[in-house]
Amino acid sequence: MPPRRLDPERLRAALDDQLVALDRPPYDGPAGALADALVSAVQAAYDRGLPPERAAARLAVRHLLDRLATAAPGRTVEVRVPPYAAVQAVDGPRHTRGTPPNVVETDPRTWIDLATGRLTWAEAVAGGTVSASGARADLSAHLPLRAP
């Protein structure tokens with residue numbers, strides 16, 4: 001199942017709301033770069049010690065999870081970033097019912113930092129900001145995500 005395409009109007013609205021919260025002008029770049037600009041704006045909020053706008057954080061997390069699912073297709077590992085989203089990814093034995101045997105769970109900031117390369121998998125696991133259970137739950141081979 002391919003990742004769903006995020007609505008460009010919702011992305012732009014969330015990005016502009018986040019930029020306003022950062023005292024920056026609205027986005028005027030190309031439509032194809034909206035999602036990555038949104039991720040950068042959410043990281044800028046975190047860098048300033050501000051909580052990102054909820055819609056912006058949710059869409060940034062969703063975008064990066066979808067990129068993981070595209071880069072590492074499969075249904076072996078469930079990657080959860082509560083309260084925003086979860087995806088199944090990584091090739092291997094398929095999980096169909098009940099609690100998945102391979103689960104990765106983390107908070108939104110950690111996920112964004114892992115996906116963009118600001119944080120390594122080893123650092124996140126050692127710091128306790130990622131919970132990974134199961135023999136295939138190590139995402140280090142898939143992170144950071146490469147540009148699509």
Side-chain angles (χ1 to χ4, degrees), residues 1-19 21-22 27 29-47 50-148:
M1 178 176 181
R4 58 188 165 173
R5 188 175 176 307
L6 297 174
D7 178 11
E9 289 180 24
R10 292 177 68 202
L11 280 171
R12 183 174 295 277
L15 173 56
D16 285 345
D17 287 348
Q18 184 62 68
L19 291 171
L22 293 167
Y27 180 73
L34 276 169
D36 290 331
L38 178 63
V39 170
S40 294
V42 168
Q43 283 182 311
Y46 284 131
D47 290 347
L50 302 171
E53 299 295 306
R54 184 170 175 81
R58 182 178 53 77
L59 289 170
V61 165
R62 178 84 249 170
H63 166 66
L64 294 170
L65 284 172
D66 287 349
R67 281 188 42 200
L68 173 67
T70 299
R75 294 184 169 244
T76 299
V77 180
E78 185 165 294
V79 182
R80 301 173 181 167
V81 184
Y84 298 128
V87 295
Q88 290 186 354
V90 183
D91 193 28
R94 183 177 175 192
H95 162 73
T96 56
R97 297 184 131 190
T99 301
N102 301 289
V103 176
V104 172
E105 188 167 323
T106 190
D107 62 275
R109 182 177 189 169
T110 299
W111 171 245
I112 291 169
D113 286 349
L114 281 167
T116 60
R118 285 186 165 194
L119 182 66
T120 68
W121 179 259
E123 291 167 340
V125 170
T129 57
V130 164
S131 168
S133 62
R136 296 176 178 262
D138 182 342
L139 296 180
S140 59
H142 307 288
L143 297 170
L145 297 171
R146 306 291 181 242

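In this text the structure is predicted, and so the values were computed from the model without any measurement. Note that the numbering runs from 1 along the sequence shown for the chain.
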Side-chain donor/acceptor of Asp91 to backbone N/O of Pro73, under 3.5 Å: no
Separation of Arg58 CZ from Arg10 CZ (nearest 0.5 Å): 4.5 Å
Minimum side-chain heavy-atom gap Arg67-Asp36 below 4.5 Å: yes
Worked check of side chain to side chain contact (heavy atoms under 4.5 Å, CB included) between Leu65 and Trp111: CA-CA 9 Å; Leu65 284 172; Trp111 171 245; 3.7 Å; yes
Test item: Thr129 side-chain N/O and Ala124 main-chain N/O as donor-acceptor pair under 3.5 Å: yes
Least distance between heavy atoms, Arg136 atom then Asn102 atom: N-OD1, 2.9 Å
Ser140 side chain vs Trp121 backbone, donor-acceptor pair below 3.5 Å: no
Separation between CG of Leu6 and CZ of Arg12, rounded to the nearest 0.5 Å: 14.0 Å
For Leu50 against Ala21, the heavy-atom pair lying closest together: CD1-O, 4.5 Å
Name of the residue among Ile112, Asp113, Asp107 meeting side chain to side chain contact (heavy atoms under 4.5 Å, CB included) with Thr110: Asp107
For the student: nearest non-hydrogen atoms of Ala60 and Val42, plus distance: CB-CG2, 4.1 Å
Minimum heavy-atom distance between Ala14 and Leu59, given as atom pair plus value: CB-CD1, 3.7 Å
Closest non-hydrogen atom pair between Ala45 and Gln18, with its separation: CB-NE2, 3.5 Å
Exam field: side chain Glu105 to backbone Ser131, donor-acceptor pair closer than 3.5 Å: no
Shortest non-hydrogen contact between Ala41 and Leu19, atoms and distance: CB-CD2, 4.1 Å
Nearest-0.5 Å distance, CG of residue Leu38 to CD of residue Gln43: 10.5 Å
pair Pro108-Val81: side-chain heavy atoms closer than 4.5 Å: yes
Side chain proximity check, Val39 to His63, heavy atoms < 4.5 angstrom: yes
Rounded distance [0.5 Å steps], CG in Leu114 versus CG in Leu64: 10.5 Å
Check: Pro52 main-chain N/O paired with Arg54 side-chain donor or acceptor under 3.5 Å: no
